[in-house]
Colleague: 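Here it is, the structure in full.
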2 protein chains.
Amino acid sequence: MVGIRDVAKKAGVSTSTVSLVINNSGYVSQNTRDRVTAAMKELNYIPNDLAKNLYKGRTDTVGVIMPTLQHPFFASLVGRIQHYLDLQGMRALLCSTADQETGEKQYVDMLQRHTLDALIMGSHSQNAQEYWEEIKRPVVAFDRYLCDSIPTVGADHISGGRLVARALIAAGVQHVVTIGGPRDRFHDRDRGIELLNARELSSRPDSSFPTVRYQLVLEDELATAGIEADYVIVEDLADLSLFLTAARSAFEDFDNVDAIVAPDLAAAAVLQEAERRGIRVPEDLQVIAYDGTYVSLFAGKQISAITQNIDETARRLVAHVMQEIERYSGGSSAVAARSVLEKASNDFQGYVSVTDNVEGVPYRFDAVKLEYIERETTTPLDDLGVE
Amino acid sequence: MVGIRDVAKKAGVSTSTVSLVINNSGYVSQNTRDRVTAAMKELNYIPNDLAKNLYKGRTDTVGVIMPTLQHPFFASLVGRIQHYLDLQGMRALLCSTADQETGEKQYVDMLQRHTLDALIMGSHSQNAQEYWEEIKRPVVAFDRYLCDSIPTVGADHISGGRLVARALIAAGVQHVVTIGGPRDRFHDRDRGIELLNARELSSRPDSSFPTVRYQLVLEDELATAGIEADYVIVEDLADLSLFLTAARSAFEDFDNVDAIVAPDLAAAAVLQEAERRGIRVPEDLQVIAYDGTYVSLFAGKQISAITQNIDETARRLVAHVMQEIERYSGGSSAVAARSVLEKASNDFQGYVSVTDNVEGVPYRFDAVKLEYIERETTTPLDDLGVE
DNA sequence: CTGTTAGCGCTTTCAC
DNA sequence: GTGAAAGCGCTAACAG
């Protein structure tokens with residue numbers, strides 16, 4: 001391997017000068033620069049970044065942990081994260097926990113061993129709050145609470161659930177079935193929160209807000225409106241075939257169902273099942289996809305969907321990542337830690353919108369952007385204009 | 001930062017001993033080991049892998065370049081690649097060129113700068129054969145030819161195209177429309193190959209075989225059978241909305257179309273469009289999804305699909321990656337290079353199967369596994385049992 | 001079994 | 001402007 005000293009020798013300069021040329025830093029006379037450049041060309045020199053990494057103590061790499069790439073929602077999000085990281089001169093080391101069970105531990109390890117500069121955590125954590133407190137390296141959580149010192153970015157699922165509820169109520173439905181993940185993930189177990197009801201949730205905007213939260217809000221609002229609601233559990237969201245099973249259950253296990261709310265892929269399965277049974281959508285059945293991504297477009301027909309602003313979410317995740325890296329490298333730790341506590345409590349920024357492409361359905365929202373942080377709990381919802 | 005020497009001092013041993021303990025290598029007395037372990041615990045020591053990387057000259061990281069994660073096919077493939085890399089103690093640095101245009105150059109750069117141990121190239125390359133020849137670092141290509149010294153893994157799209165053709169012919173169709181990418185990618189431009197017709201392709205199993213190849217074979221077989229065939233171009237496969245447009249074109253721009261072959265997501269759009277127009281599938285229209293992944297299951301109805309064996313493809317990609325890494329690190333370069341030339345010419349291993357879940361369609365294949373390398377060009381197809 | 005020693009290849013003060 | 005020198009934190013001969 002040809003190293004910097006070979007170049008230096010060839011160009012008749014010292015290694016430090018070569019380094020200056022490589023990094024385009026400091027002052028080097030044009031003459032010297034040319035000689036060095038020529039030498040590099042001639043020797044076919046390529047710098048070894050591993051040495052640089054060691055010296056600098058960073059790799060410009062961010063670990064990204066997500067449950068699976070199978071779901072278009074996560075695939076899209078990861079794509080956008082990668083995009084924004086790239087803009088910052090960073091790269092993404094990907095881990096889908098569905099494909100790599102030990103991913104969490106492994107990536108946290110790499111973070112601590114300085115192979116990773118930061119971590120974006122989008123999967124359900126196997127570990128308790130204290131575990132995350134101890135890490136003391138840059139981490140940003142997506143759609144979940146890890147601990148007070150770790151900022152969270154995610155959608156405002158409380159508003160999301162409320163949007164669904166209002167849409168369904170406006171549509172005059174009587175019996176709603178929701179399809180979703182295991183109920184025990186409805187809260188962050190490790191935080192010691194018992195299953196909260198929707199009222200409590202609404203009054204605790206500073207608490208965690210995994211996607212599943214929307215279901216609690218939905219149920220609460222439906223109950224208030226006197227609408228029957230049931231729930232079908234999909235045990236493993238990474239096993240797509242279960243969506244088909246769940247869709248079937250929604251039809252078979254309950255009577256007089258006139259509305260189904262489900263994750264996008266499951267919603268597509270619901271449509272398929274409805275057609276098989278000769279049930280017309282939306283005439284006889286309302287279907288709303290939560291986290292609707294492009295799949296809504298390919299579900300056999302376009303369907304109503306609660307969509308998150310994936311691009312913006314990615315942008316913010318990356319922004320926080322950079323901020324955390326900065327904080328841990330530059331900052332005086334004590335003060336910084338304090339400010340993060342503040343931030344973690346207030347920085348729940350969410351984006352939820354409802355799009356409706358089905359003609360004849362009695363509700364229609366324009367896409368809206370909700371910034372949870374910038375408003376009181378319920379106000380903006382009245383602006384949505386439920387027809 | 002607490003380093004290995006701090007631990008050594010605390011434990012009253014030398015750094016090398018600590019290193020031995022860390023890596024669980026060599027002989028260390030239990031007593032010493034315990035003392036060292038205790039010291040590590042106490043000091044909260046975490047080894048810095050950057051130093052290790054520098055010394056070892058590797059990062060255990062493989063760059064993976066794919067066009068986009070939006071398509072479930074690539075999302076699945078990336079997931080499986082990650083899985084198999086993990087089994088080898090390696091990790092995947094992901095790059096979807098749709099989200100990061102300069103990805104190819106950047107990743108090749110990282111490969112040369114030793115930030116990456118190897119590269120899996122699944123996107124259309126911006127560079128010529130010579131460019132890849134020069135790299136002289138571990139690279140494996142997915143579904144495309146880069147140069148003679150780089151092994152390729154991919155599906156046998158010649159058989160794939162033939163499968164589609166036979167299925168359609170058996171179904172008695174008269175006018176087929178295929179939806180796909182730009183025709184100029186039908187061959188590897190940089191190799192200087194002119195647009196080949198299917199006959200030529202069949203006789204050149206050693207040539208490149210990007211996915212789109214199946215279309216040439218299909219057209220050729222259809223022409224032979226006297227069946228009309230047209231083609232709708234999707235300019236940018238990363239822009240999903242174009243699939244809807246393309247699906248519409250397939251219906252509007254041609255008359256008497258009774259079969260449509262399309263990438264899975266486009267096929268779903270076709271179904272949607274068909275329903276809108278009151279065209280029954282499969283009674284009035286045959287639809288076959290190429291590269292069918294789970295989306296076929298969620299297209300509103302189950303549809304026939306040519307599926308690749310994603311898991312096996314990933315497994316082989318990773319196997320080749322490890323082999324290339326080995327070759328470039330250990331091997332005597334001259335002999336190795338030669339053997340690779342051999343390998344590159346013969347190692348086109350493909351997996352294509354047709355699954356058909358639509359009742360009433362006059363063809364039905366059992367899932368089959370075709371190993372292109374192990375057979376003559378056409379023989380095994382007769383075993384498929386076209387009903 | 002354990003310590004000494006010499007780097008891995010590059011970056012960066014700090015003199016000259 | 002440029003060079004000398006001191007590492008970044010760990011590994012691996014090689015002695016002992």
Side-chain angles (χ1 to χ4, degrees), chain A residues 1-40 43-61 109-117 137 329, chain B residues 1-40 43-61 109-117 137 329:
Chain A
M1 152 160 288
V2 32
I4 197 172
R5 42 213 314 156
D6 299 298
V7 177
K9 192 177 303 173
K10 179 128 217 154
V13 297
S14 74
T15 61
S16 56
T17 304
V18 177
S19 179
L20 290 180
V21 172
I22 292 172
N23 298 295
N24 233 319
S25 55
Y27 295 90
V28 183
S29 72
Q30 191 56 46
N31 182 315
T32 309
R33 181 179 302 277
D34 290 344
R35 287 212 324 283
V36 171
T37 311
M40 296 199 312
L43 295 175
N44 225 304
Y45 168 72
I46 295 170
N48 183 331
D49 272 348
L50 299 183
K52 183 181 192 161
N53 287 345
L54 171 57
Y55 190 90
K56 299 230 169 192
R58 34 183 304 173
T59 57
D60 298 329
T61 304
D109 234 56
M110 292 168 62
L111 181 65
Q112 314 220 78
R113 290 162 175 270
H114 292 262
T115 295
L116 256 27
D117 289 352
R137 291 268 293 151
S329 61
Chain B
M1 152 159 288
V2 33
I4 198 173
R5 43 212 314 157
D6 299 300
V7 177
K9 193 177 302 174
K10 179 129 217 154
V13 297
S14 75
T15 59
S16 58
T17 304
V18 177
S19 179
L20 290 180
V21 172
I22 292 172
N23 298 296
N24 234 318
S25 56
Y27 295 90
V28 184
S29 73
Q30 192 55 47
N31 182 316
T32 310
R33 183 180 301 279
D34 291 343
R35 287 215 323 284
V36 171
T37 311
M40 297 199 311
L43 294 175
N44 224 303
Y45 168 73
I46 295 170
N48 183 332
D49 272 347
L50 299 183
K52 183 179 190 163
N53 286 345
L54 172 57
Y55 189 89
K56 299 232 169 192
R58 33 183 304 173
T59 57
D60 299 328
T61 305
D109 235 58
M110 291 167 63
L111 181 65
Q112 314 220 78
R113 290 162 174 272
H114 292 261
T115 294
L116 255 27
D117 289 353
R137 292 267 294 150
S329 62

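Residue numbers start from 1 in every chain, and the chains themselves are labelled A, B, ... in the order their sequence lines are given, proteins ahead of strands.
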Colleague: Within residues 10-17 of chain B, which residues have any heavy atom lying less than 4.0 Å from an atom of DNA chain D?
Modeller: S16(B)

Colleague: Given that I46(A) and R33(B) both sit by DNA chain C, which one's nearest nucleotide is further toward the 5' end?
Modeller: R33(B)

Colleague: Return the set of residues passing side-chain hydrogen bond (donor to acceptor under 3.5 Å, both in side chains) with T32(A) (not counting sequence neighbours), or none when no residue passes.
Modeller: S29(A)

Colleague: Let's go through V13(B) and V36(B) carefully: what are the C-alpha distance in whole Å and the side-chain angles of both, what is the deciding distance for side chain to side chain contact (heavy atoms under 4.5 Å, CB included) to 0.1 Å, and is it a yes or a no?
Modeller: CA-CA 8 Å; V13(B) 297; V36(B) 171; 3.9 Å; yes

Colleague: Hey, what bend do you get for the helix from dC1(C)-dG16(D) to dC16(C)-dG1(D) if you fit axes on five pairs at each end, rounded to 10°?
Modeller: 30°

Colleague: Please round to the nearest 0.5 Å and tell me the distance separating atom CZ of R33(A) and atom CG of N24(A).
Modeller: 5.0 Å

Colleague: Given I22(B) and M40(B), is the side chain to side chain contact (heavy atoms under 4.5 Å, CB included) satisfied, shown in steps?
Modeller: CA-CA 9 Å; I22(B) 292 172; M40(B) 297 199 311; 4.1 Å; yes

Colleague: Extract, from 5' to 3' on DNA chain C, the first and final nucleotides lying under 4.0 angstrom from some heavy atom of chain A.
Modeller: dG9(C) to dT12(C)

Colleague: Once you round to the nearest 0.5 Å, how far does CG of L116(A) lie from CZ of R137(A)?
Modeller: 8.5 Å

Colleague: With a 4.0 Å cut-off on heavy atoms, is N23(A) in touch with a base, just the backbone sugar-phosphate, or nothing at all?
Modeller: sugar-phosphate

Colleague: Nearest heavy atom decides the nucleotide; on that basis, is L20(B) or L54(B) closer to the 5' end of DNA chain D?
Modeller: L54(B)

Colleague: How would you list, by chain and number, every residue that makes a salt bridge (charged side-chain N to carboxylate O under 4.0 Å, His left out) with R58(B), sequence neighbours excluded?
Modeller: D60(B), D117(B)

Colleague: Mind checking S29(B) for me? I need base, sugar-phosphate or nothing, with any heavy atom below 4.0 Å counting as a touch.
Modeller: sugar-phosphate

Colleague: Kindly write out the residues that satisfy side chain to side chain contact (heavy atoms under 4.5 Å, CB included) with L20(B), not counting sequence neighbours, or none if the list is empty.
Modeller: S25(B), V28(B)

Colleague: Under 4.0 Å from any heavy atom of chain A: name the first and the last nucleotide of DNA chain D that qualifies, 5' to 3'.
Modeller: dG1(D) to dG9(D)

Colleague: In a table with atom names and distances, give each donor-acceptor pair under 3.5 Å that connects a side chain of residues 45-52 of chain A to protein atoms at least two apart or in another chain.
Modeller:
| residue | atom | partner | partner atom | Å |
| --- | --- | --- | --- | --- |
| N48(A) | OD1 | L50(A) | N | 2.8 |
| D49(A) | OD1 | R113(B) | NH1 | 3.3 |

Colleague: The criterion is side-chain hydrogen bond (donor to acceptor under 3.5 Å, both in side chains); which residues satisfy it with S16(A), sequence neighbours excluded?
Modeller: S14(A)

Colleague: Indicate every side-chain donor-acceptor pair of residues 1-12 of chain B with a distance under 3.5 Å to a residue at least two apart or in another chain.
Modeller:
| residue | atom | partner | partner atom | Å |
| --- | --- | --- | --- | --- |
| D6(B) | OD2 | G3(B) | N | 2.6 |
| K10(B) | NZ | E42(B) | OE2 | 3.4 |

Colleague: So which heavy atom on T59(A) is nearest to which on T115(A), and how close?
Modeller: OG1-O, 2.8 Å

Colleague: Going by the rule side-chain hydrogen bond (donor to acceptor under 3.5 Å, both in side chains), which residues pair with R35(A) if we only count those two or more places apart in sequence or in a different chain?
Modeller: N31(A)

